[in-house]
Amino acid sequence: MTEILFYHLTESTLEDALPGLLERSLQRGWRVVVQTGSEDRRDALDQHLWIFRDDSFLAHGTDREAFPAEQPVLLTTGTDNANSARIRFLVDGAEPPDLAVYERAVFLFDGHDATQLEAARRHWKAMKAQGHEVTYWQQTSDRRWERKA
């Protein structure tokens with residue numbers, strides 16, 4: 001079964017937390033797909049990943065560009081796995097596809113957004129019911145991740 005992680009953002013924004021998680025995924029040799037809840041969010045993350053740090057950028061592309069299969073990190077609003085990713089990030093309450101084809105899936109949700117909290121609860125119940133290994137992580141005041149369940 002797919003390992004499912006729920007990351008509850010309480011101290012930082014998605015833009016602050018996501019790049020580091022993507023870098024760690026790439027260091028493991030994994031291709032990554034990030035599914036957003038809207039085209040606007042996809043496009044904003046696309047811009048952000050090129051400039052998030054002065055000394056680095058994350059090579060990536062979006063599902064609206066040519067050759068999505070070649071992207072190490074693919075940003076999408078869809079449910080396909082065009083770049084044969086081993087890990088899928090779901091943000092902004094994006095509705096997950098069948099996650100059985102992934103080694104790991106990560107739901108990142110804003111703890112200050114009631115809609116995202118409700119979606120995360122719904123997804124947690126669904127993933128457990130499907131038999132996936134599910135863990136819940138919450139940010140501490142110093143922005144580290146602490147396993148809560």
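Residues D92 and G37 approach most closely at CB-N, 3.8 Å, considering heavy atoms. Closest non-hydrogen pair, P72 versus A59, comes out as CG-O, 3.4 Å. The two residues A105 and T2 come nearest to each other via the heavy atoms N-CG2, 3.9 Å. The nearest pair of heavy atoms linking Q35 to P97 is OE1-CD, 3.4 Å. The shortest non-hydrogen separation linking D80 to Y102 is O-OH, 4.2 Å. Nearest approach of S25 to V32, heavy atoms of both residues: CB-CG2, 3.6 Å.
Among the candidates W50, F89, F52, the single residue satisfying the ring pair (Phe, Tyr, Trp, His ring centres under 6.0 Å) test with H60 is W50.
Between the side chain of E11 and the backbone N or O of Q139, no donor-acceptor pair lies under 3.5 Å.
Residue-environment remark: CG (D55) exceeds the threshold of 12 foreign heavy atoms within 6.0 Å. Atom CD of E133 has 12 or fewer neighbouring heavy atoms from other residues, nucleotides or ligands inside a 6.0 Å radius.
Between the OG1 atom in T62 and the CG atom in L45 there is a gap of 11.5 Å [rounded to 0.5 Å]. Taking CE from M127 and OG1 from T135, the interatomic distance works out to 13.0 Å, rounded to the nearest 0.5 Å. Once rounded to the nearest 0.5 Å, the distance linking CG of L5 with CZ of R147 reads 8.5 Å. Atom OG1 of T77 and atom CG of D63 lie 5.0 Å apart (nearest 0.5 Å). Note: L22 CG to L75 CG = 8.0 Å, rounded to the nearest 0.5 Å. If you take CG on D46 and CZ on R41, they are separated by 13.0 Å, rounding to the nearest 0.5 Å.
Within the 4.5 Å cutoff, the side chain of R28 has no heavy atoms near those of the R86 side chain. Between L18 and H48, the closest side-chain pair of non-hydrogen atoms is not below 4.5 Å.
Salt bridge E23/R53: present, at least one basic N to carboxylate O contact under 4.0 Å. Using a 4.0 Å cut-off between charged nitrogen and carboxylate oxygen, R104 and E3 count as a salt-bridge pair. Ion pairing between R122 and E95 holds under the 4.0 Å rule for side-chain N and carboxylate O. Salt-bridge formation is not detected for the pair E146/R144: no Lys NZ or Arg NE/NH1/NH2 atom is positioned less than 4.0 Å from an Asp or Glu carboxylate oxygen.
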inquiry  = Could you go through V33 and N83, starting from their C-alpha distance and side-chain angles, then the distance that decides it, and tell me whether this counts as side chain to side chain contact (heavy atoms under 4.5 Å, CB included)?
reply    = CA-CA 7 Å; V33 65; N83 67 339; 4.0 Å; yes
request  = Report the C-alpha distance between T76 and R88 in whole Å, list the side-chain angles of each, state the deciding distance to 0.1 Å, and finish with yes or no for side chain to side chain contact (heavy atoms under 4.5 Å, CB included).
outcome  = CA-CA 11 Å; T76 185; R88 184 175 201 95; 4.0 Å; yes
request  = List the steps and the verdict of salt bridge (charged side-chain N to carboxylate O under 4.0 Å, His left out) for R31 and E70.
outcome  = CA-CA 10 Å; R31 285 182 172 266; E70 303 300 319; 5.1 Å; no
task = Report the C-alpha separation of H123 and F109 in whole Å, then their side-chain angles, then the decisive distance to 0.1 Å, and conclude whether the side chain to side chain contact (heavy atoms under 4.5 Å, CB included) test is met.
result = CA-CA 11 Å; H123 294 314; F109 59 99; over 6 Å; no
ask   = So D16 and R143, side chain to side chain contact (heavy atoms under 4.5 Å, CB included) or not? Walk me through it.
value = CA-CA 10 Å; D16 292 335; R143 297 184 178 194; 3.7 Å; yes
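Taking the six-membered ring where tryptophan is involved, the planes of Y136 and H8 are tilted, since the angle between them lies from 30° to 60°.
Both L26 and L108 are part of a single hydrophobic cluster, where members link through side-chain heavy atoms under 4.5 Å apart. In the hydrophobic clustering of this structure, V34 does not group with I4; members are Ile, Leu, Val, Met, Phe, Trp, Tyr whose side-chain heavy atoms approach within less than 4.5 Å, directly or through other members. Residues W124 and W145 do not share a hydrophobic cluster, defined by chaining ILVMFWY side chains whose heavy atoms lie under 4.5 Å apart. Criterion: ILVMFWY side-chain heavy atoms under 4.5 Å apart, direct or through other members. Under it, L9 and L90 are not part of a common hydrophobic cluster. W30 and V91 fall within the same hydrophobic cluster, defined by Ile, Leu, Val, Met, Phe, Trp and Tyr side-chain heavy atoms under 4.5 Å apart, directly or through other members.
Between the side chains of S38 and D40, no donor-acceptor pair is found at a separation under 3.5 Å.
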